[in-house]
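The sequence lines fix the lettering, A, B, ..., with proteins before strands; numbering per chain opens at 1. The shown structure was predicted, so the numbers you read here are calculated from the model rather than taken from an experiment.
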Number of protein chains: 2
Amino acid sequence: MSAYTEFTERTIEYTKLLSDFKQLLKANGLKFTIQREVILEMLYNSDEHLTPEGLHHLIQQKHSELNTGIATVYRTLSLLENSEMVTSLSFGAQGKKYELGAKDHHDHIICTQCSHITEFVDEQIESRQKEITKSLGFVMQEHSMQIYGICKNCQEKTKK
Amino acid sequence: MSAYTEFTERTIEYTKLLSDFKQLLKANGLKFTIQREVILEMLYNSDEHLTPEGLHHLIQQKHSELNTGIATVYRTLSLLENSEMVTSLSFGAQGKKYELGAKDHHDHIICTQCSHITEFVDEQIESRQKEITKSLGFVMQEHSMQIYGICKNCQEKTKK
DNA sequence: GTCGCTGCAAAGTCTTTGCAGAGAG
DNA sequence: CTCTCTGCAAAGACTTTGCAGCGAC
């Protein structure tokens, strides 16, 4: 029988991530700047799925000396996304949220009341997706799944 | 064993849909206008998942005499979405696409080359989703799944 | 006739781009 | 030194809103 698990572990060390990033930059003739490092670090240290605006806000709080512009955040996120170091998620809400792509693949279950996102992965569904894709004649590249519901916390809140 | 099927059938007649819509409007003290009818009709007759802009364009072509404004399209789509008569999808691309919610639940497989969307439904995945949600302590409201890949057509194109 | 609806244009969001000075390599 | 980055502000894309006249009921 297959296992599904609440998925919260980082699967990569920050040091490794940083050196990957530096290598990526070098390989493309790009420069390693403080702003880029801070953005990566914030993404790494945040448990949340961040919006560009939220990320910018966080950076202004923790590294106000840099006075980082929102445009740089957008530019760096695009860069990271194109390099497949981060993944963007667009759920119903407007705007995208970003997460580090360095984690293993996983799906999301989103609370419609508090917007909290729980991650999980289920082998049975994963393998079934592959079967279906093949049957429909597609070559699978990626997939994503979201379940929307009300989390335990919010269920209890409502009862009171 | 469970079945997955390419999902293309309408499960509702237009007449029924229209009368549901009229009833919805009446129940909320809203008016039935030609613009609203045309928007519903376009959504019904289109096999595509339409963007607001695409829908507007289509209406201008087929019913140029109405000179329908894009704002009306947005307003009607919101109305229909809030009433759960249409569902909005937001895949990676910017902007939302809309589809009639009158069909049964189904998932999407999207070609990353031609953007064509194929719909399917799989009982095994559906039931597994319910199990997982329950185990994580959530009350499930909805869910959506997207697979991204390259469709048969585009695979052949690339070979040539 | 009343009150909601519509098109238009203006205003809002969110994101991208142009530019000149700053900074990494 | 060179060539990329950055912050700023302006421009873009997409969506929402205010308003005055229009039209469903």
Side-chain angles (χ1 to χ4, degrees), chain A residues 18-19 21-42 49-61 63-83 86 88-98, chain B residues 18-19 21-42 49-61 63-83 86 88-98:
Chain A
L18 190 59
S19 88
F21 186 37
K22 285 184 180 173
Q23 193 178 340
L24 165 77
L25 293 172
K26 185 171 276 181
N28 290 281
L30 303 175
K31 290 175 178 173
F32 180 72
T33 63
I34 301 177
Q35 287 84 348
R36 285 176 177 167
E37 176 171 14
V38 166
I39 288 169
L40 189 70
E41 188 198 321
M42 293 288 132
H49 294 70
L50 293 166
T51 59
E53 199 183 1
L55 183 52
H56 181 231
H57 202 82
L58 206 58
I59 292 169
Q60 288 198 314
Q61 286 186 320
H63 294 274
S64 52
E65 76 283 3
L66 291 178
N67 198 6
T68 308
I70 186 91
T72 298
V73 174
Y74 275 105
R75 282 185 285 229
T76 304
L77 284 173
S78 294
L79 172 64
L80 289 167
E81 191 177 8
N82 292 333
S83 317
V86 307
S88 71
L89 311 166
S90 49
F91 304 130
Q94 59 203 74
K96 289 184 186 177
K97 289 187 172 184
Y98 291 82
Chain B
L18 190 59
S19 89
F21 187 36
K22 285 185 179 173
Q23 192 177 339
L24 165 77
L25 293 172
K26 185 171 276 182
N28 291 281
L30 304 174
K31 289 174 179 173
F32 180 73
T33 64
I34 300 177
Q35 286 84 348
R36 286 176 176 166
E37 176 170 14
V38 167
I39 289 169
L40 190 70
E41 188 198 321
M42 292 288 133
H49 293 70
L50 294 166
T51 59
E53 200 183 0
L55 183 53
H56 181 229
H57 202 83
L58 206 58
I59 291 169
Q60 288 198 316
Q61 286 186 322
H63 293 274
S64 52
E65 77 283 3
L66 290 179
N67 197 6
T68 308
I70 186 90
T72 297
V73 174
Y74 276 105
R75 282 185 284 228
T76 304
L77 284 173
S78 295
L79 171 65
L80 288 168
E81 192 177 7
N82 291 333
S83 319
V86 307
S88 70
L89 310 166
S90 48
F91 304 130
Q94 58 204 77
K96 289 184 186 176
K97 289 186 172 186
Y98 291 81

Distance check: side-chain N/O of B:N67 vs OP1/OP2 of C:dC8, anything under 4.0 Å? yes

Over 12 non-hydrogen atoms of neighbours within 6.0 angstrom of CD in A:Q23: no

If I take atom CD in residue B:Q60 and atom C1' in nucleotide C:dT6, what distance separates them, rounded to the nearest angstrom? 14 Å

Using OP1 and OP2 only, check whether a side-chain N or O of B:Q35 sits under 4.0 Å from D:dG23. no

Near DNA chain D, which residues from residues 69-78 of chain A have a heavy atom under 4.0 Å away? A:G69, A:A71, A:T72, A:R75

Looking at A:V73 and A:P52, what are the two nearest heavy atoms and their distance? CG1-O, 3.7 Å

I need a per-nucleotide contact map over nucleotides 20-25 of chain C, read 5' to 3'. Cutoff is protein heavy atoms under 4.0 Å; write B for the base, S for backbone only, - otherwise. ---BBS

To the nearest 0.5 Å, tell me how far B:L40 CG sits from B:F32 CZ. 8.0 Å

Atom-to-atom span, NZ of B:K26 to P of D:dA24 - whole angstrom: 15 Å

For B:R36 and D:dC25, what is the distance between atoms CZ and P respectively, to the nearest whole Å? 10 Å

CG (A:L50) and CG (A:L77) are apart, to the nearest 0.5 Å, by 9.0 Å

Rounded to whole angstrom units, what separation is found between the NZ atom of B:K22 and the P atom of D:dC25? 8 Å

Between atom CG of A:L80 and atom OG of A:S88, what is the distance when rounded to the nearest 0.5 Å? 11.5 Å

Nearest-angstrom distance from the residue atom CG of A:N28 to C1' of D:dC3: 15 Å

Across the strands shown, which category fits B:L79 at heavy-atom distances under 4.0 angstrom: base, sugar-phosphate, nothing? nothing

To the nearest 0.5 Å, tell me how far B:L25 CG sits from B:R36 CZ. 6.0 Å

Which value, rounded to the nearest 0.5 Å, describes the distance between A:Q61 atom CD and A:H56 atom NE2? 11.0 Å

Output the rounded distance in Å from CD (A:E37) to P (D:dT6). 13 Å

Can you confirm whether A:Y98 sits close enough to A:E81 that some side-chain heavy atom of one is under 4.5 Å from a side-chain heavy atom of the other? yes

Interatomic distance where NE2 belongs to A:H56 and C1' belongs to C:dT13 [whole Å]: 16 Å

Using a 4.0 Å heavy-atom cut-off, does A:L25 contact any base of the nucleic acid, only the sugar-phosphate backbone, or nothing at all? nothing

Would A:K22 and A:L18 count as a side chain to side chain contact (heavy atoms under 4.5 Å, CB included) here? Give the steps. CA-CA 6 Å; A:K22 285 184 180 173; A:L18 190 59; 4.3 Å; yes

Counting only heavy atoms not in B:I34, do more than 12 sit closer than 6.0 Å to its CD1 atom? no

Interatomic distance, B:E53 atom CD to B:Y74 atom OH [nearest 0.5 angstrom]: 7.0 Å

Using the side chain to side chain donor-acceptor pair (under 3.5 Å) rule, take B:Q35 and B:T68 through it: C-alpha gap first, then chi angles, then the decisive distance, then the call. CA-CA 7 Å; B:Q35 286 84 348; B:T68 308; 5.2 Å; no

What's the angle between the local helix axes at either end of the helix from C:dG1-D:dC25 to C:dG25-D:dC1, using five pairs per end and rounding to 10 degrees? 40°

Between atom CG in B:L66 and atom C1' in C:dC5, what is the gap in whole Å? 13 Å

